[in-house]
Amino acid sequence: MTPTRKPVTLHRLRAMHGDGEKISMLTCYDATFARVLDDAGVDCLLVGDSLGMVLQGHTSTVPVTLEEMAYHVRCVARGNRTACVIGDLPFGSYQSSIAQAIDSASALMQAGAHMVKLEGGGWTAPVVRALVERGIPVCAHLGLTPQSVHALGGWRVQGREESGAATLMAHAKELADAGATMLVLELVTSAVGTEVTKAIGIPTIGIGAGPDCSGQVLVLHDALGMAERPARFVRNFMAEGGGITEAARRYVAAVKDGSFPETGTHTY
Ligand SMILES: Nc1nc(=O)c2c([nH]1)NC[C@@H]1CN(c3ccc(C(=O)N[C@@H](CCC(=O)O)C(=O)O)cc3)CN21
Ligand SMILES: CC(C)C(=O)C(=O)O
Ligand SMILES: [Mg+2]
């Protein structure tokens, strides 16, 4: 945005949450987009394992490797100046043991990430705690966790039944207690998004999780109108014309002023 923006540190993210300022996040996989999105004022650049689908053409995120993630984190870190860079730990890089999770997270931090993200609740709480204790900020991720797509049985809205919503809430509280800095909520009902956001002391970042989350994230290619079959939660920020920088600025503005996501058309 402004060439004078100070780095979006953990401290800054907590201050934004405390002030009720919405947090804007987009996925980003290379240096040029990192520069453009950083200039447009996007708070957090998520080097998502969604790159397995949007860059590599796989039908899920499961095939993505740690080496591939580290490569894209290095690319993004070189183009970025002030945004908070978050690296997704891919499938199989943190499930075996806490030692494996520390080694994998360290690889992404050394590649230039400021924070790592991992999927799931329950068993992940001790993993999150171990990483945080070792100086590695963690973003948690609940709801539709794409690395578990084969166990979940498809890209389905999560937490619709009372029991699922209660489990999700319990996991969210455990992850916050374990020291997670933020929590991504993916493809959950607006009611779950609202309730979890109210119940925990850390910012929630929604993707198809309703308007009440503390921030929003979209896959970059979806926000730029390139989704093959856009999910309901997607909005094409290129539709109003202009270039990619303008689209990214519009995304940031719409997240900050709460006009994205719109209740109804973009929510479940
Ligand atoms: N380009 C892209 N965007 C994403 O948001 C994304 C990826 N890839 N890859 C990893 C996961 C997969 N995601 C998906 C994929 C499909 C739907 C989907 O088809 N949703 C339907 C129905 C949901 C329901 O009602 O249960 C929708 O209309 O939103 C949602 C999220 C989200 N993530
Ligand atoms: C969609 C976000 C939350 C993600 O995990 C990814 O892009 O990999
Ligand atoms: Mg991911």
Side-chain angles (χ1 to χ4, degrees), residues 23-30 33 37 42-66 68-69 72-73 76 84-94 104 108 113 115-120 124 138-161 164 180 182-190 192-193 203-210 213-237 251 255 261-262 264-268:
I23 296 166
S24 60
M25 183 187 296
L26 283 173
T27 71
C28 184
Y29 315 106
D30 70 39
F33 273 108
L37 299 181
V42 178
D43 296 311
C44 302
L45 305 182
L46 171 63
V47 187
D49 60 350
S50 52
L51 68 85
M53 296 175 75
V54 295
L55 300 192
Q56 298 174 336
H58 291 296
T59 54
S60 84
T61 60
V62 173
V64 177
T65 68
L66 182 64
E68 289 166 347
M69 290 307 304
H72 287 281
V73 169
V76 168
C84 176
V85 175
I86 303 171
D88 241 350
L89 287 168
F91 178 78
S93 74
Y94 57 97
S104 299
L108 296 190
M115 188 182 308
V116 301
K117 184 166 79 58
L118 53 79
E119 296 183 4
T124 56
V138 178
C139 177
H141 183 163
L142 293 174
L144 187 265
T145 45
Q147 293 173 17
S148 304
V149 64
H150 300 302
L152 295 171
W155 314 111
R156 296 215 188 105
V157 173
Q158 302 295 306
R160 273 214 191 279
E161 325 82 49
M182 304 196 283
L183 169 64
V184 166
L185 290 176
E186 179 165 353
L187 215 67
V188 299
T189 62
S190 295
V192 167
T204 58
I205 310 296
I207 170 164
C213 293
S214 322
Q216 296 290 328
V217 59
L218 279 178
V219 167
L220 175 65
H221 296 56
D222 296 347
L224 299 181
M226 299 166 82
E228 197 174 1
R229 282 183 296 106
R232 207 206 291 179
F233 57 75
V234 169
R235 186 192 290 182
N236 173 11
F237 287 88
Y251 171 75
V255 169
E262 227 171 321
T265 46
H266 292 272
T267 52
Y268 300 93

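Counting convention: from 1, in listed order, for ligands and their atoms alike.
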> Are the side chain of S148 and the backbone N or O of A151 linked by a donor-acceptor pair below 3.5 Å?
Replying inline: no

> What residues come within 4.0 Å of ligand 1, counting heavy atoms only?
Replying inline: M53, V54, P146, W155, R156, V157, E186, L187, I207, V219, D222, A231, R232, F233, Y268

> Looking at G193 and V188, what are the two nearest heavy atoms and their distance?
Replying inline: N-CG2, 4.1 Å

>> Please find the pair of heavy atoms, one from Y29 and one from G48, that lie closest to each other, and give the distance.
In response: CE2-O, 3.4 Å

List, one per line, each side-chain donor-acceptor pair under 3.5 Å for residues 221-232, sequence neighbours excluded.
from	atom 1	to	atom 2	distance (Å)
R232	NH1	T267	O	2.4

>> Is it the case that the side chain of H72 and the backbone of D30 share a donor-acceptor pair, with hydrogens and angles ignored and the cut-off at 3.5 Å?
In response: no

>> Could you check whether any side-chain N or O of E161 sits under 3.5 Å from a backbone N or O of G159, counting only pairs where one atom can act as donor and the other as acceptor?
In response: no

> Say you draw a straight line from CG of L46 to OG1 of T27; how long is it, rounded to the nearest 0.5 Å?
Replying inline: 6.5 Å

> Where the side chain of T189 meets the backbone of Y268, is there a donor-acceptor pair that is under 3.5 Å apart?
Replying inline: no

> Under 3.5 Å, side chain of Q216 to main-chain N/O of G210, donor-acceptor pair present?
Replying inline: yes

> Hey, is the main chain of L89 close enough, under 3.5 Å, to the side chain of Q147 for a donor-acceptor pair?
Replying inline: yes

> Distance below 2.8 Å from the Mg ion (ligand 3): how many protein N/O/S atoms qualify?
Replying inline: 2

Give one line per pair: atom of ligand 2, protein atom, distance. Only N/O to N/O under 3.5 Å.
from	atom 1	to	atom 2	distance (Å)
ligand 2	5 (O)	D88	OD2	3.3
ligand 2	5 (O)	K117	NZ	2.8
ligand 2	7 (O)	S50	OG	2.6
ligand 2	8 (O)	D49	N	3.1
ligand 2	8 (O)	D49	OD1	2.8
ligand 2	8 (O)	S50	N	3.0
ligand 2	8 (O)	S50	OG	3.4
ligand 2	8 (O)	D88	OD2	2.9

>> I need the single residue from H141, K117, M25 that forms a side-chain contact (heavy atoms from CB on, under 4.5 Å) with M182. Which is it?
In response: M25

> Does the Y94 side chain pair with the main chain of E119, one donor and one acceptor, at a distance under 3.5 Å?
Replying inline: yes

> When rounded to the nearest 0.5 angstrom, what distance separates CD1 in I205 from CD in E186?
Replying inline: 13.0 Å

